[in-house]
Amino acid sequence: MRVFRKLVADSFIYGLAGMLLKLISFVTFPIFTRYFHPTDYATISLVSSVSLVLGTLSGWGLDSAAGRFFFDDSTTSYRNRLIKSWFIGRVCITFIFSLVFYIVYSIFLTGYFGLQSEYLSWLIISNLFLSIVPYMLNTLFVLYKRALLSLCVSVLLTLLSSIASLWFVVKENMGVTGFFAGQTLSFGFFTLAGVILYFLRVKKASVDFLLLKQMLIYGVKLLPGTLSNNFVFLIATIIIKEQLGIATLGIFQVGYTLSTLILFLTSGFSQAFVPHALQLNGDAFKNYCKQVFKFYAILLTICCLILALLMKDIIQLLLPSSYLLSWEVAGIMLFANFILSFGHIASIGLIKTKKVEFYGMIIVIMNLSQLIFIYFFTFLWGLEGTSIALLANSFLTIILLFYYAEKVYRIKYNFTLPLSFIIGSVFLYFVAIEFDFSLLPKIISLLFVFLIIFFWQLPRLKALLQLTTENRQGL
């Protein structure tokens, strides 16, 4: 089908953006590890977690709301009003939470991060404001299906941030403060570019307060889920710091960062999937979601397993020996991040019908259970227990989300084959951890598994290609 081919093409472009971003990170990551001790990465983890919580609060779900209301009217005047209302809403809410943060930071948090720089709070607040426009730009390019422009913004933003951070850390010897100062410089550059576009294209539009109110109401329904995700990660970092020490928290942060390798595939898919799916209706929408779900699960499981099995070798090749213990965390978290990405498919029916009231509640409940898992699993099995807790909760979250979504908008997914692949891959990875496979057996095992899966799925692949040909004019 033409829409399916377009999804693959756009997913590749968005995935290419993620791949280039991770390539940039991979080039700079070994350099930073030679200048940062694990305790420095622990500080980065704590500050980043606080920034994520603040960013979620200041966003108020408006980015997601803009994506949903964007397709209600295709006229230029409506979309310009939406953009201006969205921007004004973001700025006002960010100002409120920045003020609250500065007061709380000055009274309670000055020494907790292990960083005594007086500029840290100002860097966090500056990044909150200066990140509004770049993220809006990227979201708008996705909504307008300008995949290449989204690619350019994402890559250039990360490239400039990495170069600036390296300069401040290596040349200016500014340490962790320099790391965040590089982000500030990068956000500032793209904010300037976005403001110029704003005055050229959107300035004449008026603020639609009724539309902004609808967006705020819609966004606040999603806010608890997103906020609890980031809040749980903040609490998790605090639990690790208090139970295992700040250096171990740094090891966890390195492993978690490496696990986001899988996001270059999952984020590319999600950015392409949602706009394409929302343009379909009825049986076409349901069939599209079912086909995407099956092949996404199988293909991404294979990629996730390959990356997880090779993670120890990647760390040995790129990072100092002090970070070697992060490989188990990275492998387990690869699967956790991958499983959570199914939320985009599970919730598409809720988004289609705008019935997202209980979505945030589900996420909040599961994040509370995750905190319980993290506390006890970390106490019992240390750093590996933390990762297992996150993985187990990812499974439970997606199961509950699919169950609820099926009640609201019925799509008869076939869970047997995808679930078998995922559970089998996770089991194989834990076997690899237990026996500590060397590189050559891993490669041979992966090739063997890949060949079995390929020939197993070959008839279904031929059927899909035949269906694509027959329905070329269908959509």
Side-chain angles (χ1 to χ4, degrees), residues 18-19 22 26 233 236 240 248 251-267 269 294-319 323-343 370 373-374 377-378 380-399 415-454 456-457:
M19 184 173 62
K22 292 307 171 186
F26 258 3
F233 193 81
I240 296 170
T248 305
I251 297 295
F252 176 82
Q253 175 62 31
V254 170
Y256 179 81
T257 301
L258 289 170
S259 74
T260 57
L261 271 171
I262 196 65
L263 297 184
F264 90 83
L265 294 174
T266 60
S267 61
F269 160 79
K294 182 174 66 175
F295 284 95
Y296 176 77
I298 294 172
L299 292 176
L300 265 293
T301 299
I302 296 171
C303 295
C304 195
L305 177 61
I306 291 172
L307 284 173
L309 290 177
L310 297 178
M311 189 56 67
K312 184 176 183 180
D313 304 286
I314 292 172
I315 293 175
Q316 287 178 323
L317 179 65
L318 295 177
L319 306 184
Y323 294 100
L324 184 59
L325 292 176
S326 63
W327 77 275
E328 292 183 5
V329 173
I332 297 171
M333 289 303 302
L334 272 169
F335 285 103
N337 287 326
F338 162 57
I339 292 166
L340 283 175
S341 71
F342 281 97
Q370 182 166 279
F373 282 149
I374 289 173
F377 281 33
T378 302
L380 293 173
W381 299 306
L383 201 54
E384 187 175 340
T386 305
S387 306
I388 294 173
L390 293 169
L391 175 61
N393 205 73
S394 299
F395 267 114
L396 294 176
T397 300
I398 295 303
I399 290 171
F415 294 100
T416 304
L417 183 63
L419 191 61
S420 300
F421 265 85
I422 295 171
I423 293 176
S425 298
V426 172
F427 175 77
L428 182 59
Y429 178 68
F430 277 102
V431 171
I433 291 179
E434 185 67 26
F435 293 97
D436 195 12
F437 290 165
S438 63
L439 183 59
L440 183 59
K442 287 177 186 176
I443 295 175
I444 295 174
S445 301
L446 289 172
L447 288 175
F448 182 69
V449 170
F450 179 79
L451 288 174
I452 291 176
I453 293 172
F454 177 77
W456 182 15
Q457 292 298 309

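Just so it is clear, the values below take in all heavy atoms, side chains as well, and ignore hydrogens, waters and symmetry mates.
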inquiry  = Within this structure, what is the OG-CD distance for the pair S394 and Q370, rounded to the nearest 0.5 Å?
reply    = 6.5 Å
inquiry  = Could you measure the distance from the CG atom of L307 to the CD1 atom of I302? Nearest 0.5 Å is fine.
reply    = 12.0 Å
message = Rounded to the nearest 0.5 Å, what separates atom CG in L334 from atom CD1 in I306?
response = 11.5 Å
request  = Give, for atom CZ of F335 and atom CG of L391, the distance between the pair rounded to the nearest 0.5 Å.
outcome  = 8.5 Å
query = At their closest point, which heavy atom of W327 faces which heavy atom of I315, and how far apart are they?
reply = CA-CD1, 3.3 Å
query = Is the shortest heavy-atom distance from the side chain of F342 to the side chain of I422 under 4.5 Å?
reply = yes
message = Rounded at 0.5 Å granularity, tell me how far CD in E384 sits from CG in L325.
response = 11.0 Å
ask   = Which atom names give the shortest non-hydrogen contact between S425 and T301, and what distance separates them?
value = OG-CG2, 2.9 Å
key: Nearest non-hydrogen partners of A308 and Y429, listed with the distance   = O-CE1, 3.3 Å
ask   = Rounded to the nearest 0.5 Å, how far does CD1 of I339 lie from CD1 of I398?
value = 8.5 Å
request  = Please work out which of the three classes, parallel, tilted or perpendicular, describes the rings of Y256 and F233, given edges at 30° and 60°.
outcome  = tilted
ask   = Side chains of I332 and F430: does their closest heavy-atom pair fall under 4.5 Å?
value = yes
key: Heavy-atom side-chain proximity of I251 to V329 below 4.5 angstrom   = no
message = Give me the atom names and distance for the closest heavy-atom approach of P418 to A297.
response = CB-CB, 3.4 Å
Minimum side-chain heavy-atom gap L319-L258 below 4.5 Å = yes
task = Determine whether D313 and Q316 make a side-chain contact, defined as any pair of heavy atoms from C-beta on separated by less than 4.5 Å.
result = yes
inquiry  = Tell me if a side-chain donor or acceptor on N337 pairs with a main-chain N or O of M333 at a distance below 3.5 Å.
reply    = yes
ask   = Is the F377 ring parallel, tilted or perpendicular to the W381 ring (thresholds 30°, 60°)?
value = perpendicular
key: Note, F373 side chain near L396 side chain (heavy atom, < 4.5 Å)   = yes
Check: Y296 and S341 side chains under 4.5 Å, non-hydrogen atoms = yes
task = May I ask you to test the N393-I374 pair for a side-chain heavy-atom distance under 4.5 Å?
result = no
